[in-house]
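Here the structure comes first, spelled out in structure tokens, and everything after it is commentary.
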Protein chains: 2
Amino acid sequence: MDKPRKAFASAKQVAELAGVSRSAVSRTFTPGASVSEETRKRVISASDKLGYHVNHLARGLLRQSSGIVCLVAADSDAPYTSRLIRTLVHSLQQAGKVAMVLESSGPSESADHALRQTLNYRADATVVLSGTPPQSLIRTCLDNGQRLILINRADQFSGPHNISLDSRGAGRTAFRTLQDAGCRRFALVSSEAGTPSLMARERAFVECAEEQGTEVAVTRNGRTSYEAGVLGARRLFSAGDPPDGVFCITDLIACGFMDAARHEFGLAIPEQLSVIGFDDIEQAGWASYRLTTFSPDVVALAARVVELATKAGETEENHRDLIEVPLVMRDTVRQS
Amino acid sequence: MDKPRKAFASAKQVAELAGVSRSAVSRTFTPGASVSEETRKRVISASDKLGYHVNHLARGLLRQSSGIVCLVAADSDAPYTSRLIRTLVHSLQQAGKVAMVLESSGPSESADHALRQTLNYRADATVVLSGTPPQSLIRTCLDNGQRLILINRADQFSGPHNISLDSRGAGRTAFRTLQDAGCRRFALVSSEAGTPSLMARERAFVECAEEQGTEVAVTRNGRTSYEAGVLGARRLFSAGDPPDGVFCITDLIACGFMDAARHEFGLAIPEQLSVIGFDDIEQAGWASYRLTTFSPDVVALAARVVELATKAGETEENHRDLIEVPLVMRDTVRQS
DNA sequence: TCGCTGCTTGCACAGCTGTGCACGATGCTG
DNA sequence: CAGCATCGTGCACAGCTGTGCAAGCAGCGA
């Protein structure tokens, strides 16, 4: 190690080694700039020798665009969320951007601190996947001209792009499907998270039932998790008048619900009990579940996000996308 | 919008509004710097009014330390990997760093391009979770003084920090546990990924069996996934002499293996078949599986990584950590 | 009152890059 | 051969911050 100080080579050093000006080096690595083939060769040769890599911090400083897109999520290890994140990370890379991931769970003070990173690093855009970031921060993002993309949040903000899955349609379709399968006593298993998209699905399901003159037993337990489904099943099947058609607001909940229904209460699915989920997580396709569920097109969603995050010009205020979510029929709803 | 140009406020503007020098602003946001209470108040008031946020790009440029830690992974949506990533992201945030996530799957050319981002952004450290980044890039990282932390890779490099789970011990414990449970015909279900840690577990299990004078049926199928387990079961149970004690190299594989064994071949677990996994993913605890498996302490692992990524001074060359992984007994191994 | 000490504060520089502008060289055309 | 367009190249500036250094100022002891 003969250079303990300057670990990274700078464009200046490359220029000296190649015998050209620093501008030439910069232009070599700027697509569309005017450089002769001769000097380009020499610059690339020199930069390879020195292991030169353009410093994106300095480039971002000058261009007012860091190339960073922030993804903020809570519970980013949940199956659906992690799939979405992975797809986004991949798509962003393809588009020449890079993803910075922030966890917004935990004490709100620390989440607040974390979210400020998106401003500190001058992210080109911020994508809010879940969780409830303080409104004040969202306001701050908007005031600073931060491009903000909210997924599945029906909040009313003037400015950010909104992309939502059609929760309303899904809730109604879920009810009709269960009804068509011959179910009579309906239930809804949810969590206490109170996310806009969860609430919308709940409301749509219940409304649709009321239109048909039917009641729905609703149970909400803790976080949106496997355990929430287990607890939901215990509540519904311990009391009298157990349901035979259940909409679980999430696949994770559905898995817990089905496991408890089968192993604790000995119920047969779909013979005695029909179940529908939402998300189409990987486990929904596993042989132990074969869950009939709504399957959002995550790739299309990610593509749309990247498009919004990348497109520089148009700041169409208060843009809204609504994506329809098809129902995938597997084996947890009785065939009529 | 009265400032279409300069979206973000700079320290200079804050200084002007507060009637102090720009240095004072800088010092206000630098812990341990010398500022009077009077000016600090005025600076903070002004910066709140302007929505000022320190530009970490410029700060990183000057300090030669960006505050960014890169996490590179393949298949980052697999349950174990996503849990590890989430834990790392969280721990890094607590330590005042921020995580940049890179996907190294896909065509090697694009992965190569993605990995260069860690150099472009002058990351303080790079953590390789999985996948097989080209050796040339690792070399480049090291040459540039990049702090590199390899997890579960037994590669021989002089320089990077290595943290590994004790695959060897796990493989041996798995065999002994199955043997003690009375199993006679052993099998190993793995993937074709050929990751160092997988290979080490395989070898240890087979070696231990050979020491006892027993043979092991080994099957490897595709990627490390649920399907790999399904295919493994089909192979092992379609041929004659089916096994009664199986070590699945991963929980994901174990889930697929168990589902196929039960639903396609009607086998009872653990009565006719004992299964052990590795990773202790969330699904391993679900009622449908209740899998006996090895449970790495992800939180401790993450803490160690953060410690290595943060500690500035000591560059103890070629450091190696080996973490023991306890076996969690659930219900998939017969009680003797 | 004088000298010394300690705390603040401003100046100026460094850190690395992208790009407008001017200038020189080169090739093409009449 | 002259004039012009084209292309490549270097200079210098901007973008934003952290910090060493020197200077100013107040306080305190003799």
Side-chain angles (χ1 to χ4, degrees), chain A residues 3 5-43 46-47 50-68 119-124 144-145 312, chain B residues 3 5-43 46-47 50-68 119-124 144-145 312:
Chain A
K3 35 179 180 176
R5 262 294 142 84
K6 304 192 54 84
F8 282 93
S10 73
K12 188 176 165 189
Q13 299 173 29
V14 175
E16 285 172 3
L17 181 57
V20 298
S21 94
R22 199 182 52 70
S23 308
V25 178
S26 178
R27 285 189 242 267
T28 300
F29 293 102
T30 304
S34 166
V35 203
S36 74
E37 202 53 34
E38 160 72 10
T39 56
R40 154 168 267 125
K41 284 285 180 199
R42 295 174 60 183
V43 167
S47 84
L50 267 57
Y52 173 68
H53 290 261
V54 180
N55 188 330
H56 277 34
L57 300 178
R59 168 183 282 184
L61 190 57
L62 191 56
R63 285 199 180 155
Q64 306 277 42
S65 157
S66 59
I68 297 174
L119 298 172
N120 284 329
Y121 283 97
R122 301 300 191 258
D124 292 346
N144 289 345
Chain B
K3 34 180 180 176
R5 260 296 141 83
K6 304 192 54 82
F8 283 92
S10 75
K12 187 176 165 189
Q13 299 172 30
V14 175
E16 284 172 3
L17 180 58
V20 297
S21 94
R22 199 183 50 71
S23 308
V25 178
S26 178
R27 283 188 243 267
T28 299
F29 294 103
T30 304
S34 166
V35 203
S36 74
E37 203 52 35
E38 160 74 10
T39 56
R40 155 168 267 126
K41 284 285 180 200
R42 295 175 59 184
V43 167
S47 85
L50 268 58
Y52 172 68
H53 289 262
V54 180
N55 189 329
H56 276 36
L57 300 178
R59 168 183 282 184
L61 191 57
L62 191 57
R63 285 199 180 155
Q64 307 277 38
S65 157
S66 59
I68 296 173
L119 298 172
N120 284 330
Y121 284 97
R122 302 299 192 260
D124 292 347
N144 288 345

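Both backbone and side-chain heavy atoms feed into the values below; hydrogens, waters and symmetry mates do not. Note on naming: letters A, B, ... go to the chains in the order of the sequence lines (proteins, then strands), and numbering restarts at 1 for each one.
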Nearest heavy-atom contact between B:V14 and B:L50 is N-CD2, 4.0 Å

From CZ of A:R40 over to P of D:dT9, roughly how many Å is that when rounded to an integer? 10 Å

Would you indicate, yes or no, if D:dC16 has its OP1 or OP2 atom less than 4.0 angstrom from a side-chain nitrogen or oxygen of A:Y121? no

Whole-Å distance, A:K12 NZ to C:dT17 C1', equals 13 Å

Rounded distance (Å) that lies between atom P of C:dG18 and atom CG of B:L57: 13 Å

For a quick test of reading the model, state the closest non-hydrogen atom pair linking B:L57 to A:S66 and the distance between them. CD1-CB, 3.9 Å

Do the rings of B:Y121 and A:H56 sit parallel, tilted or perpendicular, given the 30° and 60° boundaries? perpendicular

Would you mind reporting whether A:Y52 and A:V43 have side-chain heavy atoms less than 4.5 Å apart? no

Under 4.0 Å between a side-chain N or O of A:Y52 and OP1 or OP2 of C:dT17? yes

Using whole Å, what does the distance between atom C1' of nucleotide D:dG8 and atom NZ of A:K41 come to? 18 Å

What's the closest nucleotide to the B:S26 side chain, out of D:dG18, C:dC16, C:dG18? D:dG18

Rounding to an integer number of Å, can you tell me how far A:Q64 CD sits from C:dT19 C1'? 14 Å

Which nucleotide, D:dT17, C:dG18, D:dG18, lies nearest any side-chain atom of B:R63? D:dG18

Sugar-phosphate atoms are those with a prime plus P, OP1 and OP2; base atoms are the rest. Using that split, label each nucleotide of nucleotides 5-13 of chain C B, S or - for protein heavy atoms under 4.0 Å, 5' to 3'. ---BBBBB-

What is the distance from CG of A:N55 to P of D:dG15, rounded to the nearest Å? 18 Å

So NZ of B:K12 and CG of B:L17: to nearest 0.5 Å the spacing works out to 14.5 Å

How close or far is atom C1' of C:dT17 from atom NE2 of A:H56, stated in whole angstroms? 11 Å

Whole angstroms only, please: what is the CZ-C1' distance between B:F8 and D:dA14? 18 Å

Between A:L62 and B:L62, which has a closest nucleotide on DNA chain C that is more 5'? B:L62

Heavy-atom closest pair (B:R122 atom, A:V54 atom, distance to 0.1 Å) is NH1-O, 3.9 Å

Taking the side chain from B:R42 and the backbone from B:A18, do they hold a donor-acceptor pair closer than 3.5 Å? yes

